[in-house]
Amino acid sequence: MPVRPFRAADLPALHAINEAGTPGVSRETPETLAEIIGLSECLVAETPSGDPLGFLTLVPPGTAAYASLNLRWFEALGGNLTYVDRIAVSPAARGQGIGEALYAAAFDLCRQSHDSIGCEVNSLPPNPGSLRFHTRLGFVQIGRQAFVPGEKEVIYLLRQL
C-alpha cells in the first residue's frame, strides 16, 4: 500500500474521509482540517492512481498553535514522543490494511527522532474497533480522561518505537 506525504490537492478527499470517520475523529471544516494538517506531518495512503484512501497526522509536542487538550496531556508526560492526532480511512477501503500501512510509515518516520508514539481512542462514545486495532499494533493504555463525564471520555495509548 503506497503511503506518501500530504499534497494540497488531497484536502477535499481527506476532508470527506475525516467526516465519514466521525465520531472516531472530530468533525472539522475544510479550513480547520487544513490548519491541523499544516501543523502536522500528514501521511496519505493512496490507490495506484494516487487517490487518497486514508490519512494519519502526527503532531509533535510543543506545537502550541494546536489547541488540543489531548496533545497537552501527552506533553505533560514529558519524554521523546510524538502524537497521532487522527487516523481516518475511507469507509469503502476499511479492512484492506490501510491503517496498518499508515502506522508502519509513521513508525518508520518517527523512529528516527522519537522513542514512542501516543494517541487517544474514544471510550465515550465508545470506539472498540479502534481500541482493538491500536492494541493489535502494540499500543498500551497509559491513562484516561473525561472531558464531559458520561458523555466524552478518552483512553490514552502509547507505543514504544
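Residue numbers start at 1 and run along the sequence shown.
- To the nearest 0.5 angstrom, Lys152 atom NZ is 7.5 Å from Ser26 atom OG.
- Sorted by first then second residue, the salt bridge (Lys or Arg N to Asp or Glu O under 4.0 Å) pairs that include residues 43-52, not counting sequence neighbours, are Arg4-Glu46, Arg7-Glu46.
- Under the 4.5 angstrom side-chain criterion for Ile, Leu, Val, Met, Phe, Trp and Tyr, the cluster partners of Leu56 are Met1, Val3, Leu43, Leu53, Leu58, Val84, Ile87, Val89, Ile98, Leu102, Tyr103, Phe107, Leu109, Ile117, Val121, Leu131, Phe133, Leu137, Phe139, Ile155, Leu157, Leu161.
- With contacts defined as side-chain heavy-atom distances shorter than 4.5 Å, the pair Asp108/Arg111 qualifies.
- Looking at Thr63, its side chain never comes within 3.5 Å of a backbone N or O of Tyr66 through a donor-acceptor pair.
- Sorted pairs that involve residues 1-59 and meet ring-ring contact (aromatic ring centres under 6.0 Å, His included), not counting sequence neighbours, are lacking altogether.
- The shortest non-hydrogen separation linking Asn18 to Ala88 is CA-CB, 4.3 Å.
- Of the inter-residue distances, the one linking Glu120 atom CD with Glu153 atom CD reads 13.5 Å to the nearest 0.5 angstrom.
- Partners of Ser130 under the side chain to side chain donor-acceptor pair (under 3.5 Å) rule, at least two apart in sequence or in another chain, are His134.
- Residue pairs meeting the salt bridge (Lys or Arg N to Asp or Glu O under 4.0 Å) criterion with at least one member in residues 134-150, sequence neighbours excluded, are Glu100-Arg136.
- Residues passing the side chain to side chain donor-acceptor pair (under 3.5 Å) test with Arg27 are Glu19, Thr22, sequence neighbours excluded.
- Among pairs with a residue in residues 53-74, those fulfilling salt bridge (Lys or Arg N to Asp or Glu O under 4.0 Å) read Arg72-Glu75, at least two apart in sequence or across chains.
- Every residue was checked against the side chain to side chain donor-acceptor pair (under 3.5 Å) condition with Ser113, not counting sequence neighbours, and none meets it.
- A side-chain donor-acceptor contact under 3.5 Å links Asn122 to the backbone of Pro23.
- Judged as a ring-ring contact (aromatic ring centres under 6.0 Å, His included), the pairs with a partner in residues 142-161 (not counting sequence neighbours) are, in order, Trp73-Tyr156, Phe74-Tyr156.
- Shortest non-hydrogen contact noted between Thr82 and Cys110 is CG2-SG, 3.3 Å.
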Could you list the donor-acceptor pairs under 3.5 angstrom formed between side-chain atoms of residues 33-41 and any protein atom two or more places apart in sequence or on another chain?
| from | atom 1 | to | atom 2 | distance (Å) |
| --- | --- | --- | --- | --- |
| Ser40 | OG | Ile36 | O | 3.1 |
| Ser40 | OG | Ile37 | O | 3.2 |

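- For Asp115, there are no side chain to side chain donor-acceptor pair (under 3.5 Å) partners at least two apart in sequence or on another chain.
- A single hydrophobic cluster is not seen to contain both Val148 and Val25; linkage of ILVMFWY side chains at heavy-atom distances under 4.5 Å, directly or through other members, places them apart.
- Contact record, Ala8 with Pro12: O-CD, 4.4 Å, taken as the closest heavy-atom pair.
- By the salt bridge (Lys or Arg N to Asp or Glu O under 4.0 Å) test, Glu28 is found to be paired with Arg86, residues two or more places apart in sequence or in another chain being considered.
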Practice task
Just do the side-chain contact (heavy atoms from CB on, under 4.5 Å) check on Leu81 and Leu158 with the steps written out, would you?
Solution key: CA-CA 9 Å; Leu81 64 87; Leu158 191 72; 4.2 Å; yes
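- The closest side-chain heavy-atom distance from Cys42 to Leu14 is below 4.5 Å.
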